[in-house]
Amino acid sequence: QVQLVESGGGLVQPGGSLRLSCQASGFTVGNRAIGWFRQAPGQEREGISCISSRDGTSLYIYSVKGRFTISADNDKITVYLQMNSLKPEDTAVYYCAAAPPLVCSTGVPIFVAAYDYWGQGTQVTVSS
């Protein structure tokens with residue numbers, strides 16, 4: 001059974017850091033693209049980063065580029081999202097999701113609809 005479980009969310013002050021984890025079971029992330037998404041109250045879910053096993057491509061949306069880093073563990077089971085210099089507007093529920101590896105490719109937006117397996121989400125709150 002394919003399953004993704006996020007962890008690492010919490011409350012952090014502006015300028016702080018958090019590392020989110022996405023642990024896969026039932027498959028290895030080495031055969032997939034893994035995306036990170038977030039959804040703030042009253043807003044649509046948006047893709048913020050992805051990583052592809054096919055060629056190691058990693059992508060970020062403009063608002064998090066330079067602050068967030070996506071990486072995959074060598075065991076190909078866990079994907080991380082290191083979030084630095086957090087801002088109040090980063091407050092959201094963060095989700096990871098899996099897709100075929102070609103879904104995460106340079107020039108291709110990180111579409112919610114392209115991902116077929118989802119975790120349950122972890123809350124990130126950035127507030128003083």
Side-chain angles (χ1 to χ4, degrees):
Q1 181 180 358
V2 174
Q3 192 173 13
L4 295 168
V5 178
E6 304 95 337
S7 61
L11 173 64
V12 64
Q13 293 187 342
S17 298
L18 284 175
R19 189 176 80 157
L20 304 184
S21 298
C22 172
Q23 185 163 350
S25 61
F27 70 101
T28 63
V29 298
N31 296 323
R32 290 279 189 164
I34 300 295
W36 281 99
F37 299 78
R38 66 185 180 187
Q39 188 167 19
Q43 297 187 18
E44 292 187 355
R45 192 171 299 188
E46 67 170 346
I48 59 172
S49 181
C50 67
I51 188 167
S52 173
S53 62
R54 183 173 65 94
D55 57 5
T57 295
S58 59
L59 303 176
Y60 305 89
I61 61 170
Y62 178 79
S63 60
V64 307
K65 197 168 186 179
R67 300 189 298 123
F68 292 9
T69 303
I70 192 169
S71 61
D73 212 337
N74 288 335
D75 62 9
K76 303 299 185 185
I77 296 175
T78 307
V79 172
Y80 303 98
L81 187 68
Q82 177 68 43
M83 306 188 296
N84 299 327
S85 302
L86 282 162
K87 305 175 181 180
E89 52 264 43
D90 295 318
T91 296
V93 178
Y94 283 70
Y95 301 87
C96 65
L102 286 176
V103 166
C104 184
S105 299
T106 302
V108 177
I110 307 169
F111 283 127
V112 170
Y115 289 75
D116 45 13
Y117 294 103
W118 290 82
Q120 82 290 347
T122 185
Q123 176 70 46
V124 171
T125 303
V126 185
S127 175
S128 55

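Ring centers of Phe68 and Trp36: at least 6.0 Å apart, outside the cut-off.
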Practice problem: Show your working on side-chain contact (heavy atoms from CB on, under 4.5 Å) between Ile77 and Phe27 and close with a plain yes or no. | Solution: CA-CA 8 Å; Ile77 296 175; Phe27 70 101; over 6 Å; no

- [ ] Would you sort out whether Leu11 and Ser127 count as a side-chain contact (heavy atoms from CB on, under 4.5 Å), showing the intermediate values?
- [x] CA-CA 7 Å; Leu11 173 64; Ser127 175; 4.2 Å; yes

Next item on the list: Please report the C-alpha distance between Leu59 and Thr106 in whole Å, then the side-chain angles of each, then the deciding distance to 0.1 Å, and finally whether the side-chain contact (heavy atoms from CB on, under 4.5 Å) criterion is met.
Entry: CA-CA 7 Å; Leu59 303 176; Thr106 302; 4.3 Å; yes

**Asked** Would Phe37 and Val112 count as a side-chain contact (heavy atoms from CB on, under 4.5 Å) if you check the C-alpha gap in whole Å, the side-chain angles of each, and the deciding distance to 0.1 Å?
**Response** CA-CA 8 Å; Phe37 299 78; Val112 170; 3.8 Å; yes

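Ser52 approaches Pro101 most closely through the heavy-atom pair OG-O, 2.9 Å. Of all heavy-atom pairs spanning Ala40 and Ala92, the tightest one is N-CB, 3.8 Å. The minimum heavy-atom distance linking Pro109 with Gly107 is given by the pair CD-O, 3.6 Å. Between Tyr115 and Ala33, the shortest heavy-atom distance links the atoms CE2-O, 4.1 Å. The minimum heavy-atom distance linking Ser17 with Asn84 is given by the pair OG-OD1, 2.9 Å. Leu4 and Cys22 make their closest contact through CD2-SG, 3.8 Å (heavy atoms, listed as atom of the first residue, atom of the second, distance).
Under the ring-ring contact (aromatic ring centres under 6.0 Å, His included) criterion, no residue pair touches residues 76-109, with sequence neighbours excluded.
For Glu89, the CD atom is densely surrounded, since the number of other residues' heavy atoms within 6.0 Å is greater than 12.
Under the rule for a salt bridge (Lys or Arg N to Asp or Glu O under 4.0 Å), Arg45 has no partner lying at least two apart in sequence or in another chain. Val108 meets the side-chain contact (heavy atoms from CB on, under 4.5 Å) test with Ser105; sequence neighbours excluded. Under the rule for a side-chain contact (heavy atoms from CB on, under 4.5 Å), the partners of Ser85 that lie at least two apart in sequence or sit in another chain are Arg67. With sequence neighbours excluded, the residues that form a side-chain contact (heavy atoms from CB on, under 4.5 Å) with Pro100 are Arg32, Val103, Asp116. Under the side-chain contact (heavy atoms from CB on, under 4.5 Å) criterion, Val126 pairs with Val12, Pro14, Leu86, Pro88, Asp90, Thr91, Val124, sequence neighbours left out.
Distance CD1/Ile70 to CD1/Ile51: 5.5 Å, rounded to 0.5 Å. A distance of 7.5 Å separates OG of Ser7 from CD of Gln23, quoted to the nearest 0.5 Å. Atom-to-atom distance recorded for Thr69:OG1 and Met83:CE is 11.0 Å, nearest 0.5 angstrom. Rounding to the nearest 0.5 angstrom, the gap separating the CD1 atom in Ile48 from the OG atom in Ser63 is 7.5 Å. Ser71 contributes atom OG, which lies 7.0 Å from atom CZ of Arg19 (distance to the nearest 0.5 angstrom). Separation of atoms CG (Leu81) and CD1 (Ile34) is listed at 12.5 Å; rounding is to 0.5 Å.
Residues Gln39 and Glu46 form no side-chain contact, since every pair of their non-hydrogen atoms from C-beta on lies 4.5 Å or further apart.
Here the side chain of Thr122 pairs a donor or acceptor atom with the backbone of Gly9 at under 3.5 angstrom. Proximity of a side-chain donor or acceptor of Gln120 to a complementary backbone N or O of Glu6 within less than 3.5 Å is detected.
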